[in-house]
2 protein chains.
Amino acid sequence: MAQRAGAGRRAPLNRDRVLRAAVARADETGIESLSMRKLAKELGVVPMALYKHVASKEELLDGMVDAVIGEIDPPVPGAGWRTAVRQRVLSARQVLLRHPWASRVIETRTNRTSVVLGYMDSMTGTFLAGGFSADLTHHVMHALGNRMWGFTRELFDDGQGGGPDPPPAAFDEMAKRYPHIVEIAMAATRGDLSAVGPGCDEQFEFEFALDLLLDGFERLRDRGWTSRRDHDHAAAVPAPEQGA
Amino acid sequence: MAQRAGAGRRAPLNRDRVLRAAVARADETGIESLSMRKLAKELGVVPMALYKHVASKEELLDGMVDAVIGEIDPPVPGAGWRTAVRQRVLSARQVLLRHPWASRVIETRTNRTSVVLGYMDSMTGTFLAGGFSADLTHHVMHALGNRMWGFTRELFDDGQGGGPDPPPAAFDEMAKRYPHIVEIAMAATRGDLSAVGPGCDEQFEFEFALDLLLDGFERLRDRGWTSRRDHDHAAAVPAPEQGA
DNA sequence: ACCTGAACACCGTTCAAGT
DNA sequence: ACCTGAACACCGTTCAAGT
């Protein structure tokens, strides 16, 4: 009792508690509204107390990303490389969907923490174990890019929620100015343009692009592709197009 | 003379001059240091004067992105779809290299301006004209994603400049903790680990991934791919892997 | 009607003064 | 030696007071 009285009215702060509180706050109110001062207030401490556990806001963000990456499932043990990569990336995607702020923050990280490097090393190892050369694995990791974290910045999405339907009067204007976009939107929604906002199945789009890449990776591996061959003018497959 | 005296010591401000100054400042000193107040000072006006021409800082950023997109070459007229897409995306990449802040800003844009929509519409039209179905074009645009602006957030790069070499003492530690990363880094630099910082040929990596995607797009088009076939469980090509 | 200085409600972080 | 209140040097934007 006397022991606890001296420690104040809360459990003593540590780095983990700071990071967990930061993640929870970002999940609830968004990353834009997360400030050191507000986080300190929520934890019942003075702002400067946080700087005992994180050197700066940048390091706080690094730590938050680490916490999120820690939620990604480990690679499934018995599976082949393709299943292992696919499952892990889709697991990462589920994690990122729980923390909508995280993709934006990951994109701004400039320091790779050991957690980030560990994840990338594990992913790299999966390709190498799957019979990919070190050369090809290198390029394949680049091509996978941020998709390895389970996201791609989407060009069409309005953040979340879809928002209100566009006024039907604007349709003619849209169709005139952006005929091709309207054409593919019509195809995607089977003509139901009120669904054009939330119309895209993001999960499908993600898997479509992922599988396209995995197919390409597999094909290059089976072909014994190497970057030495045509490093100068073309990359994967020159494949001259017909017509003009 | 009397006419000019009333207008003050500078040409009258307009939206275009504001945007050009903002782009120039971001090019020189980085996007982080671009504030409404500093921009106003540089233009010799009071901060609030900017709000006559842009409604908010967000709209300023939208306008800056528009200005950058305006620098991208128009599609080459006579070429086939693949050349047209490839050239345009590589042109976008050159533009983005001139404005290193732009990729980061594009990623945070939530409103699509008419300039952004116009570019996407033009790109969409290139696929449609190339014999892609509206259905396939839709998914292909998603798969292309941010690469259509000529960038991918890179996982390995330290911002720009490479930085100082890591101390050689850290190598053993690296090799122990991240053996796979070190393996592909060795392959990429042919064993010259001092080149590991600036070692990646970003242009090659970009074209590698782009061509991988274009190959995949072409293959699906030639096959008459449609999303109706197997929308439920798999995307592009299920292709069961051998072994386990 | 137009323009703008001052003010508001914030930031991340430094630092000197307290215990 | 440890902790922290006040201060510093900023933000984007509102708004009332000036012309």
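A note on names: the letters A, B, ... follow the listed sequences, proteins ahead of strands, and every chain is numbered from 1. These numbers were taken from a predicted model, which means no experiment stands behind them. All values below come from the heavy atoms of this structure, side chains included, with hydrogens, waters and symmetry mates left out.
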- prompt: Would you say the side-chain atoms of Ser91(B) pair up with the backbone N or O of Gln87(B), donor to acceptor, closer than 3.5 Å?
  reply: no
- prompt: Is a side-chain donor or acceptor of Asp121(B) paired with a backbone partner of Ile181(A) at a separation under 3.5 angstrom?
  reply: yes
query: Hey, which of these two, Lys52(A) or Ser33(B), hits DNA chain D nearer its 5' end, going by closest nucleotide?
result: Lys52(A)
- prompt: Can you list the stems that include DNA chain D, where a stem is three or more consecutive Watson-Crick or G-U pairs with distances under 3.5 Å?
  reply: C:4-8 with D:12-16, C:12-16 with D:4-8
message: Could you measure the distance from the CZ atom of Arg104(B) to the CD atom of Glu107(A)? Nearest 0.5 Å is fine.
response: 10.0 Å
statement: Residue pairs passing the salt bridge (charged side-chain N to carboxylate O under 4.0 Å, His left out) test with at least one member in residues 46-62 of chain B, sequence neighbours excluded, are Arg15(B)-Glu59(B), Glu58(B)-Arg109(B), Asp62(B)-Arg109(B)
NZ/NE/NH1/NH2 to OD/OE distance under 4.0 Å, Asp16(A) and Arg20(A): yes
query: Tell me: CD of Glu32(B) to C1' of dC11(C), nearest whole Å?
result: 16 Å
- request: Measure the distance from CG on Leu13(B) to P on dC2(C) and round it to the nearest whole Å.
  value: 17 Å
task: Quick one: sort the His139(A) and Phe208(B) rings into parallel, tilted or perpendicular, breaks at 30° and 60°.
output: tilted
query: In terms of the angle between their ring planes, are Phe127(B) and Phe217(B) parallel, tilted or perpendicular, with boundaries placed at 30° and 60°?
result: perpendicular
message: Distance check, C1' atoms only: dG12(C) and dT14(D), in whole angstrom units.
response: 23 Å
statement: Rounded to whole Å, the NE2-C1' distance (His53(B) to dG12(D)) equals 18 Å
Distances under 3.5 Å between protein N/O atoms and the N/O atoms of nucleotides 13-16 of chain C, please, pair by pair.
residue, atom, partner, partner atom, Å
dT13(C), OP2, Tyr51(A), OH, 2.7
dT13(C), OP2, Lys57(A), N, 3.0

task: May I have the distance from Leu61(B) (atom CG) to dG12(D) (atom C1'), rounded to whole angstrom?
output: 12 Å
query: Would one find a side-chain N or O of Lys38(B) under 4.0 angstrom from OP1 or OP2 of dC10(D)?
result: no
- prompt: Are the side chain of Ser122(A) and the backbone of Gly118(A) linked by a donor-acceptor contact shorter than 3.5 Å?
  reply: no
